[in-house]
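A quick write-up on the structure given underneath.
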Number of protein chains: 2
Amino acid sequence: MSTATIQDGDEVHDGGPSPAAQGRVIEAVGVAIASGELVPGTRLTLEGLQHEYGISRTVARDTMKVLESMNLVYSRRRVGIVVQEPSLWNVFDPNLVRWRLASDRRDLQYSSLTELRIAVEPIAAAGAARRASAAERAQLVSLAADLRRLGEAGDLQAFLAADIAFHQLLLRSCGNEMFRALEGMIAEVLTSRTRQGLMPFKPRSEALQAHEAVATAVAGGDTAEAERAMHHILDEVREAMGLR
Amino acid sequence: MSTATIQDGDEVHDGGPSPAAQGRVIEAVGVAIASGELVPGTRLTLEGLQHEYGISRTVARDTMKVLESMNLVYSRRRVGIVVQEPSLWNVFDPNLVRWRLASDRRDLQYSSLTELRIAVEPIAAAGAARRASAAERAQLVSLAADLRRLGEAGDLQAFLAADIAFHQLLLRSCGNEMFRALEGMIAEVLTSRTRQGLMPFKPRSEALQAHEAVATAVAGGDTAEAERAMHHILDEVREAMGLR
DNA sequence: TCTTCATCAAAGATGCTATCTATTCGTGTC
DNA sequence: GACACGAATAGATAGCATCTTTGATGAAGA
């Protein structure tokens, strides 16, 4: 409407002056790289991006700056912006994880995350047993009870939600900021596990018991037992992943 | 010298036209935030940054975009650029890790990384036993032998180098891209451990044996034993960190 | 009359565009 | 092998658009 200027409309972008052009482009290019559609070595240019997405040079510039800070691309004068080798990517960047989970390379990302989870959660449980607050310990016990109730009732949806809450609380209360940063990714893995039907239709009684054991151990400050019980929970996952 | 223009020099920045102004500013602001010098809630403005660092709006914008993608800040109209709560930072970003290790909050970052290492390395060892290439297995055995030789000779410097190589190779060959991304951070932790004198002056024979056990198990494809032996190596670290 | 609440306008900041100069570095030519 | 050309990013500047906070104004009610 009041967008006065807008010259040379050879390719008017629909959304008007499109607020959040930035995010749109980062998303689009990020997804294209993460999915492998843009293979390593591919060269982009700012001008090309401007034209393709109908954005100004500045926006193209800072988009590439963000992608560069994730190590998805590097830029050199006279050459352009070059897509990096996957082995150099910042694979812990939550955005990148999201993009990869949305791509058809989903499985690779999923198994990496699962293995990470297997590694981290036992130590997180031990950390929680050592450092969680009283409120967190109590909530953990309560969540374990919820899990049993919902699991025995067969309410898979609610069970998943409580399961996510349980594991997230553990990561949050373990006192390690890096573990806490994995909260979102763990949630993603658990959700995906249920969606793909990798979860038993009805949670195994053994798993329910193990969750209770973790909660009890954390509540009682028994680090070794918390770690052991969490290991036990994850053994089931390892089994399912063929990592046993 | 050839800095032709430079108008209105009310505050000429020393470095001339400063190539790589970008990196300089990201580094400076990133360090200031990571070190806690800029507390959460602090407001910056593009204009303030332009003035402070003698840069243009474009560069200030790019810089903030990068910091925003690490979740160190968020920016809102009419408000400015606001420093985020540390709990929201992308603490796995290698740059942020570096900044924090360089700050006086070093210890916090160090212990988080150590705990992460304790969690990841056993699973990485198991992964390597399952998935490493023949060359990698051989190299691991060879590095373990080097470790014994250098350890018994008391050459702490060379021992550290070989130790880093050993643990990095393990992470690289374990087949998990996320673990591999931790290579640099592990190297940092090991270096720091030696520098701070946390390493025994002469590596304990038990540790040397455990490294050999890991290498042998990986070479032989014995995942359970590789994991167990790596756990054993890390028990010493846990002991030292008071995590036992 | 005083207080409270809703409404509206101005200001201050970023979002985005457009355009310019400087610098670098790969490539082709001599 | 040296050198010139050109393509591309790096950086600077100016300006309009947009959003959102803040404060002022005015009306309704106690």
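So that the names make sense, note that chain A is the first sequence line, chain B the second, and so on, each numbered from 1.
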_Length of the OH-P vector between Tyr53(A) and dT17(C), whole Å_ = 14 Å
*Taking all atoms of both residues into account, what is the closest heavy-atom pair of Ser103(B) and Ala34(B), and its distance?*
OG-O, 4.3 Å
*How many Å lie between CD1 on Ile55(A) and P on dA18(C), as a whole number?*
11 Å
*Examine dG15(C): is either OP1 or OP2 under 4.0 Å from a nitrogen or oxygen in the side chain of Gln22(A)? Give yes or no.*
no
Distance-only donor-acceptor hits, side chain of residues 134-142 of chain B, under 3.5 Å, sequence neighbours excluded:
{"from": "Glu136(B)", "atom 1": "OE1", "to": "Ser133(B)", "atom 2": "N", "distance (Å)": "2.8"}
{"from": "Glu136(B)", "atom 1": "OE1", "to": "Ser133(B)", "atom 2": "OG", "distance (Å)": "3.3"}
{"from": "Arg137(B)", "atom 1": "NE", "to": "Ala132(B)", "atom 2": "O", "distance (Å)": "3.1"}
{"from": "Arg137(B)", "atom 1": "NH1", "to": "Ala129(B)", "atom 2": "O", "distance (Å)": "3.0"}
{"from": "Arg137(B)", "atom 1": "NH1", "to": "Val218(B)", "atom 2": "O", "distance (Å)": "2.6"}
{"from": "Arg137(B)", "atom 1": "NH2", "to": "Ala129(B)", "atom 2": "O", "distance (Å)": "3.4"}
{"from": "Arg137(B)", "atom 1": "NH2", "to": "Ala132(B)", "atom 2": "O", "distance (Å)": "3.0"}

_Sequence-distant partners of Gln168(A), side-chain contact (heavy atoms from CB on, under 4.5 Å), two or more places apart_ = Ile164(A), Arg172(A), Glu183(A), Ala187(A)
*Nearest whole angstrom, please: distance from the C1' of dG15(C) to the OH of Tyr74(B).*
18 Å
*Over how many whole Å does the gap from Leu49(B) atom CG to dT14(C) atom C1' extend?*
12 Å
*Might you work through the salt bridge (charged side-chain N to carboxylate O under 4.0 Å, His left out) test for Arg131(A) and Glu115(B), ending with a clear yes or no?*
CA-CA 13 Å; Arg131(A) 298 181 293 239; Glu115(B) 211 172 27; 2.8 Å; yes
_Residues in contact with DNA chain D, drawn from residues 58-71 of chain B - heavy-atom cutoff 4.0 Å_ = Thr58(B), Val59(B)
*Apply side chain to side chain donor-acceptor pair (under 3.5 Å) to Arg117(B) and list each qualifying residue two or more places apart in sequence or on a separate chain.*
Glu121(B)
*asked:* Side-chain N or O of Ser56(B) versus OP1/OP2 of dA12(D): is the shortest distance under 4.0 Å?
replied: yes
*Measure the acute angle between the ring planes of His211(A) and His167(A), then classify it against the limits of 30° and 60° as parallel, tilted or perpendicular.*
perpendicular
*Run the salt-bridge test on Glu68(A) and Lys65(B) with the 4.0 Å N-O cut-off and return the result as yes or no.*
no
*State which residues pass side chain to side chain donor-acceptor pair (under 3.5 Å) with Ser112(B); sequence neighbours excluded, sorted by chain then number.*
Glu177(A)
*Go along nucleotides 6-13 of chain C 5' to 3' and tag each nucleotide: B for a protein heavy atom under 4.0 Å from its base, S when only backbone or sugar atoms are that close, - otherwise.*
-----BBB
